[in-house]
Structures are given as C-alpha cells and as structure tokens.
Amino acid sequence: MTGRTVTVVGAGLAGAEAAWQAARRGIKVKLYEMRPEKLTPAHRSGYFAELVCSNSLRAAALENAVGLLKEEMRHLDSLVMACADVTSVPAGGALAVDRDLFARCVTERIAGNPLIEICREEVTAIPEGEAVIIATGPLTSDALASDISRFTGENCLFFYDAVAPIVAAESINMGKVFRSSRYGKGEAAYLNCPLSREEYEVFWEALVKAEKAPRKEFEKELHFEGCMPVEVLAARGKETLLYGPMKPVGLIDPRTGRRPYAVVQLRQENAAATLFNMVGFQTGLKWDEQKRVFRLIPGLEEAEFVRFGVMHRNTFINSPVLLHPTFQTRKNPALFFAGQITGVEGYVESAASGLMAGINAARLLAGKEPLVFPRNTAHGSLAHYITAADPAHFQPMNINFGLFPPFEARIRDKKERYRTVAKKALESIDRFKETLL
Ligand SMILES: Cc1cc2nc3c(=O)[nH]c(=O)nc-3n(C[C@H](O)[C@H](O)[C@H](O)COP(=O)(O)OP(=O)(O)OC[C@H]3O[C@@H](n4cnc5c(N)ncnc54)[C@H](O)[C@@H]3O)c2cc1C
C-alpha cells in the first residue's frame, strides 16, 4: 500500500465508483460529499449514489449497448453494479433498482472500506493534491462551479433537465390500469394507464396549456432529448407523445383485447411496490398544475403525488478541450474529472467514467502510466461509450437514452452478430483487466 491519497470530490455515481476503484488498488481515498448538510436541487438524502430521476439503469441485455457497458463494469468489479444487482426490482428487460436500498448499499460499502475517509463537507475550490478527481455532477455547487470556471478559463455551460413525478400505489385506481411489459418482455413490471382518443385529446390540451414553474434568467432553455419535459414534447405537436412516452406499441389492454390509443406507464419505484414513477413524465410544470393535469389520466384520478417533477440547472465542462482520454486535465495531470460534469450522460455512463478515473488516479499514485481504456468494436464497450475527451464522440447530454439511435436500430436486426461483438468486447476487457493488476 502506498501512503499517498486520492482526493475525490462528490460521492455520486461517478465519485463513489472512483473512490472504490482507487481503494481496491490499495490507495487511500479522501471522499468529499456535501450532502446531507447541503442538498442539490434534485437530491433528497445524504446517501451516496442517489438516483435523482428514473430508478432504471436501462437495458439489461448484452445485445444492447448499455447492457454491455454494465457487463463490462461487472468484469472490472464495479461497486455501482454490485449494489445494483443486489437491489434490483422487476423492470421487464431493464435493470431497475430500489433507489433507497441501492444508495444505502453504495454508502455502506464505502463507509465500511478502511482505506476511504469520508468528509461530509462542501468543497468550494478545486483542492490541491497528489491526485484529485472532481465528480460533482450536473448540480455542482455554485462556489465550486465558479472555481472550475476559473480553472478552465471559460464559462461552464448551463442547461435544464427535469425529474418525473412519483405516485403512491394505493392511490392508483387498479380497476382502470393493467399490468404488462411492452411486448410481454420479462415480468409484467409496469402498470399501464390506457387512454382512448378522446381522453388523450383532453389530456394533451390541458398539458400544453398548463402553467410552468418560473425559470431563472441565467439558465438556458436547453434539454437533453432523453429527459425532455413532457410538456415540451407535447408542445411539439398533438401526436408527438404518441411516439414518445405515451406510445402504446406492444401493449394490449386485457379488458378490451386491443391496443389502447395512448398509454402512460408507471414503473415500480421501491421494493415494497408502494410507489410508482410516471415513465418519461419528467416535468417543469407548477406542482398544482401537475396534480390537476396528471389526474386526467385514467387510473390517476385520485393519485397522491409523493414527489412532483422539478427542473434545475446542470453544469458540464468542455471535455475535448480540457481532458486527455485518461480523464486527466491537460493543464494538470494530477487533476481528473469524472461523471456527468465531463459531459457523459446517464447513471451508468457516469459511474463508468468514475471507474476509469479512479483506476487511473490510483495508477498515477502508484507510479504507473494512466491508461486509455480499450476502444473495442462494440459501441457498448467501456471506452467507446465513455469518450468524453474525444471530440468525435463528445455529445454532451445526447449520449443517454436515445443513444446512437441508428446503431440501436441496427443491432436489433443483427442480434446474433452483436452477441459476437459483445463477447469480444468482454474478452478484451478481461485482457485489459490483467494489465491493471
Ligand atoms: C434531474 C436529473 C435527472 C436525471 N435523470 C436521469 C435518468 O433518469 N437516467 C439516467 O441514466 N440519468 C439521469 N440523469 C443523469 C444522471 O443523474 C447523472 O448522469 C448521474 O447522476 C451523474 O452522476 P455524477 O456522479 O456525475 O453526479 P451526481 O450523481 O449528481 O453526484 C455528484 C455528487 O457531488 C456532490 N457535490 C456537488 N457539489 C459538491 C461540492 N462542491 N462539494 C462536495 N460535494 C459536492 C453532490 O451532492 C452529489 O452527491 C439525470 C440527471 C439529472 C440532473
């Protein structure tokens, strides 16, 4: 063990994973987290790796890019994946977790690691250190964000994002909804609220006319496609939602034997199944408007909203200019960035970038060369996915959800071929892993 220390700022998906990976290599870690003393506009607890919107880590299958990415992380002993696997809840073909149990699991394992020292305080300036990883996420506190802006010599960018509401299961009219996964895939994990054409039109009309919460002046009206507020999608056209969060394909209402005109899906939120989130219904509407408009949805007439949707600021840096593909900054090789602040998007991607930064910071302190992770043939492979520092791949806020849509479509047709690619990617990660020991 060396006597040297990696300083990690932020214990979200990326920071927790980075701290874990460095400690696994015998390196001491000082992990700073400002919660619960100071919360972000989206986080609600003091737990590490809190999931702020959906409780889904997306597709599980290896034929899917994000499914392969998760498997690669498992091969590299990811803490986030280990905790996700033991706290999963039914979600059809996706890996979804009980968010409280998941965050608690990550927190307990970090707290139980003797090499990791936890400091519950806000970091207001980039710390000095032998190796420092900034993983403060899209909701980096203002003081640190301005110091990052000073360091980068340019302004950080701001844009909007949104969170979906959660309703209490007991308040859902079970007589009106039906349980099914799309195309009957996996377990029947979703509750589906079916809408007739007339019901949809009334709902759409109310949604586009509903009052939005006021925004701060400095924040730009920019959303990333995968977490677009439902009212913004609706405003694009009367039919837009029918091809987005309200699409009815693959769902048959057992009472009519037919596909409904539109559907709102509710996904189980916790292991006890007492809470359900409205899939794809992230929103910035005023809270009383959310209640009024979403109660027009059949089955949700009496819905009790345990959490309303909210909007807030996101911050990220210009990674292709500032970072090496090792996640080190060009200006200072002892300073790394990881997670969504680098422009990678999504829980899994953020954790994966933390995994790589954690390994590289540990290598730096052990006197080894930080590595560029293998760029395999598969889009799902670790480095191919997490290419924040590569201008060719840097698509801030675009890598999530609708990730490489043409590619996703292609692999649906070529599952067999993709399985071979996935196998190769995993073999390559295993070979790579040996060089890390
Ligand atoms: C509203 C919203 C909804 C999202 N929805 C989804 C989704 O549904 N699916 C998905 O895959 N991805 C989603 N994302 C993206 C996903 O949340 C992020 O990609 C992921 O959480 C980022 O991980 P991270 O570790 O970079 O940041 P975070 O998980 O946010 O962790 C950063 C941590 O740093 C701490 N911190 C901040 N500033 C300081 C400071 N100065 N000092 C000390 N600690 C500090 C914060 O408290 C936090 O714990 C969403 C993001 C947002 C903002």
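Both ligands and their constituent atoms are indexed starting at 1 by order of listing. Heavy atoms only: backbone and side chains are in, while hydrogens, waters and symmetry mates are out.
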What residues, two or more places apart in sequence or in another chain, satisfy side chain to side chain contact (heavy atoms under 4.5 Å, CB included) together with Lys331?
Phe151

Using distance alone, determine whether Thr140 and ligand 1 share an N or O pair under 3.5 Å.
no

Answer with yes or no whether the side chains of Thr5 and Glu130 bring together a donor and an acceptor at under 3.5 Å.
no

Is any N or O atom of Val123, backbone or side chain, closer than 3.5 Å to an N or O atom of ligand 1?
yes

Between Gln282 and ligand 1, which part of the residue brings a heavy atom under 4.0 Å of the ligand: side chain, backbone, both or neither?
neither

Which ligand 1 atoms does Ser350 reach within 4.0 Å, using its non-hydrogen atoms?
18 (C), 19 (O), 20 (C), 22 (C), 23 (O)

Sub-4.0 Å atoms of ligand 1 with respect to non-hydrogen atoms of Glu121
43 (C)

May I ask you to identify, for Glu349, whether its side chain, its backbone, both or neither come under 4.0 Å of ligand 1 on a heavy-atom basis?
neither

Under 4.0 Å from any heavy atom of Gly339, which atoms of ligand 1 are there?
26 (O)

Near Leu144 (heavy-atom distance under 4.0 Å), the atoms of ligand 1 are 41 (N)

Would you mind listing which atoms of ligand 1 come within a distance below 4.0 Å of any non-hydrogen atom of Pro138?
27 (O), 30 (O), 53 (C)

Find the distance between OG (Ser353) and CD (Gln340) and round it off to the nearest 0.5 Å.
9.5 Å

I'd like to check which ligand 1 atoms, numbered from 1 as shown, lie under 4.0 Å from a non-hydrogen atom of Arg58.
11 (O)

Side-chain ion pair, Glu211 and Arg292, N-O less than 4.0 Å
no

Between ligand 1 and Leu13, is the shortest N or O to N or O distance under 3.5 Å?
yes

Is there a side chain to side chain contact (heavy atoms under 4.5 Å, CB included) between Tyr47 and Val106 once you walk through the steps?
CA-CA 8 Å; Tyr47 289 126; Val106 173; over 6 Å; no

Location of contacts on Ala351 toward ligand 1, heavy atoms closer than 4.0 Å:
neither

May I ask you to check whether Ala14 has an N/O atom sitting below 3.5 Å from an N/O atom of ligand 1?
yes

May I ask you to check whether Thr40 has an N/O atom sitting below 3.5 Å from an N/O atom of ligand 1?
no

Does ligand 1 come near enough to Arg35 that some N or O of the ligand is less than 3.5 Å from an N or O of the residue?
yes

Any idea which heavy atoms bring Gly12 and Glu33 closest together, and the distance?
N-OE1, 4.3 Å

Return the CH2 to CG distance between Trp20 and Leu115, rounded to the nearest 0.5 Å.
10.0 Å

Judged by modelled atom types alone, do Thr283 and Glu231 share a side-chain donor-acceptor pair under 3.5 Å?
yes

Please work out whether any backbone atom (N, CA, C, O) or any side-chain heavy atom from C-beta onward of Thr136 is under 4.0 Å from ligand 1, and answer side chain, backbone, both or neither.
both

Could an N or O of ligand 1 be found under 3.5 Å from any N or O of Ser54, whether backbone or side chain?
yes

Is it true that Lys291 and Asp288 make a salt bridge, defined as a side-chain N closer than 4.0 Å to a carboxylate O?
no

For atom 47 (O) of ligand 1, tell me which residue out of Glu33, Glu50, Arg120 has the closest non-hydrogen atom.
Glu33

So, taking the atom named CZ in Arg120 and the one named CD in Glu37, what distance separates them when rounded to the nearest 0.5 Å?
8.5 Å

Does a donor on one side chain sit under 3.5 Å from an acceptor on the other, for Arg267 and Ser54?
yes

Check the angle between the aromatic planes of Phe308 and Phe305 and answer parallel, tilted or perpendicular using the 30° and 60° thresholds.
parallel

Classify the contact between Ser141 and ligand 1 as side chain, backbone, both or neither, using a heavy-atom distance cut-off of under 4.0 Å.
both

